[in-house]
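Down below is the structure, laid out as C-alpha cells.
Note that this is a predicted model, so its numbers are computed, not measured. Protein chains get the first letters and strands the later ones, always in sequence-line order, with residue 1 at the start of each.
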2 protein chains.
Amino acid sequence: MDTSSPSPPPCAINVLVVIFSLREDTLRVLLSANGNDWQLPGQPLAEAELLEACALRAFQQQVDSPEVYLEQLYTYGAINAPGRQAVSVVYFALLPADSRIETAGGLHWFRIDELPPLRDNHAEIVAYALRRLRYKLEYSAVGFELLPEEFTLTELQHTYEVILGEKLDKRNFRRRILEAGIIEETNRRRMRGEGRPARLYRYRPDAVAEVKARRLFP
Amino acid sequence: MDTSSPSPPPCAINVLVVIFSLREDTLRVLLSANGNDWQLPGQPLAEAELLEACALRAFQQQVDSPEVYLEQLYTYGAINAPGRQAVSVVYFALLPADSRIETAGGLHWFRIDELPPLRDNHAEIVAYALRRLRYKLEYSAVGFELLPEEFTLTELQHTYEVILGEKLDKRNFRRRILEAGIIEETNRRRMRGEGRPARLYRYRPDAVAEVKARRLFP
DNA sequence: AGAATAGTGTCTCTCAGACATTATTTG
DNA sequence: CAAATAATGTCTGAGAGACACTATTCT
C-alpha cells in the first residue's frame, strides 16, 4: 500500500484551540466573533508545520502570553467540505487565572454555561473539551495550569470547585493534597488585608502527577 | 479570521489503524509488509469522507470482519512531508480473540513485545496505542471487545492478565466483576473435555461501564 | 480413583468521607 | 476585642488485597 497519493485532492487542515481560564470566579472559554455567531480561534496548518506549533500560533494570535498548557483533544472530519478532504485538529489550552493578558479585538470570555450560538460543530467541541477537562482533573495535576505559580490552598480548592461544579470539604481537601506530595510550601504568605494571611504553595512539577485510576476489574 | 483558505497547499490526510487481538495467548498487532520493513494498515482520506468511515475502510481492506470496535487515538503531524500539509489520524481497533478472520496477503500478527522494524513513526504509534489500551482497560469495559460474545470467567481473567501483563487473584477478580453487574450468566456451559465445565457469561452492553477514576484531589 | 479445571468466603488494613474548633491577623 | 479568614484531627464505613479448600466432570 502506498500512503503518499500521487495527486492529492484539494484539502484543508485546520487547527482549533479551546482556551479555558478562570475569570470572575467562573470557568470561561475564549471565543472570537464571526458575523452573527462565534467561533473557536483557529489557524490553517502551514506547510510542513507541526500540529502543536500551529495550535500555539492560533493561541498566540489571540492572546499575548508566551507560555501555555496545550493538549491535543480530538480530530473532527470537517463538515461542510463536499468534494475535498478536510479535518479540524482540536487542542485545548489552559491559561492561569490571574494572567493579565491582551486579547485581540472581537474576542470575549464566555461562561461555559452561557455560550452564544457557535459556528459549525464548535458547540459540540467545547462540550467535549469541558468533559475532558473535568475528567482529567480527577486523575492528573492539570488543575495547576489554571493557577498562578504561587497560590493558597483556599484558591486551589476554589479552582477545583469551580471546574467540578461542586463543593469540597476543606479538611479532606487539604489532607489529601498535602499527602499527595504534589505541592510544596513557600515561605511567603498572601495578605488580603482582612483575616489571617494564608501560606502560599507552589506546584512541584517533578512530582509524579498521574495517579493510577481505580480499576473496574481487579 | 477566515479558516477556509482560498488556495490550500498540497496536502495528504491519511488514516492509520492499530489492530489489536489476542492470538495464541498473547496480545498482537496486525502489520502489513512494506519493502524491508512493516507498517500499520492505512488509507488516504477520500473526498468528503468521515474519519471513522475511512478507518473502517482501512480495517476492512485487511480483515474480513463486518463489525469491529474502533476508537480515535491521536493525530500526528506527518513527518517526511516538506512543502505540504500532512497528517496521520490514528485509530485503534479491537478484534475478538476467536474470530477466524481472513487476512489479506503480506500481513502478520506480531506479538507486541516482538515488533519488527516499522516505517516512519509507526513504532511510537503502536507504543502509545498499547499504553492507551492498558489504561482504558482500567476504567472502562473495553476488554470485552477482545472476547467472543460468550466467555468463561477464566477466559475473561486471562484476557486481563495478558493485556496488563500481570497475574490476578481468581477470587478477587470474580467477586469484583460480578459485583460490578457488568456481565450476566447464560445457561450454557463450555465443555473442554477435561475437568469441570465452566459457565458461560455474556457482557451486558446496557451496563454503565465507565467507572469514575479515583480523584487525585477530593 | 485420579486428573483437571471451576467455583467459593473471610479477615485485615487502607483510605474516603463526615464533621467543629482553634489560631492568626487587621481595624 | 470583634471580624475575617486560615489551619488543624478523629471516627466510621467501604472496599481492595491476601489467602486455601471444595465441587464437578472426564477417563
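- When rounded to the nearest whole Å, the span between CD of Glu179(B) and P of dG9(C) equals 12 Å.
- The pair Arg190(B)-Glu150(B) does not count as a salt bridge, with every side-chain nitrogen at least 4.0 angstrom from each carboxylate oxygen.
- For the pair Phe173(A) CZ and dA6(D) C1', the computed distance is 14 Å after rounding to whole Å.
- Regarding Leu156(B), its CG atom lies at a distance of 12 Å from the P atom of dG7(C), rounded to whole Å.
- With respect to the salt-bridge test (charged N to carboxylate O, under 4.0 angstrom), the residues Glu185(A) and Arg202(A) do not qualify.
- dG15(D) atom P lies 10 Å from atom CZ of Arg176(B), rounded to whole Å.
- Nucleic acid contact class of Thr152(B) (heavy atoms, under 4.0 Å, all strands): none.
- Of the residues listed (Glu24(B), Arg28(B), Arg23(B)), the one engaging Thr26(B) in a side chain to side chain donor-acceptor pair (under 3.5 Å) is Arg28(B), and it is the only one.
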Polar pairs (N or O, both sides) under 3.5 Å between protein and nucleotides 9-11 of chain D?
none

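- The side chain to side chain donor-acceptor pair (under 3.5 Å) check on Arg189(A) picks up nothing, with sequence neighbours excluded.
- Leu200(B) has its CG atom 17 Å from the P atom of dT5(C), to the nearest Å.
- Distance check: Ile163(A) CD1 to Leu22(A) CG gives 5.5 Å after rounding to the nearest 0.5 Å.
- Following rounding to the nearest Å, Gln157(A) (CD) and dA7(D) (P) show an atom-to-atom distance of 12 Å.
- The structure places CD of Glu184(B) at 12.5 Å from CG of Leu200(B), a figure rounded to the nearest 0.5 Å.
- For Phe144(A) and Phe151(A), the ring centers sit closer than 6.0 Å to each other.
- Ring centroids of His158(A) and Tyr160(A) are separated by 6.0 Å or more, keeping the two rings apart.
- Between the CZ atom of Arg174(B) and the P atom of dT10(C) there is a distance of 18 Å, given to the nearest Å.
- Distance, His158(A) NE2 to dT5(D) P: 13 Å, rounded to whole Å.
- The residues Glu71(B) and Lys136(B) are annotated as salt-bridged, a charged nitrogen and a carboxylate oxygen being separated by less than 4.0 angstrom.
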What's touching nucleotides 25-27 of chain C from the protein side, N or O pairs under 3.5 Å?
residue : atom : partner   : partner atom : Å
dT26(C) : O3'  : Gly193(A) : O            : 3.2

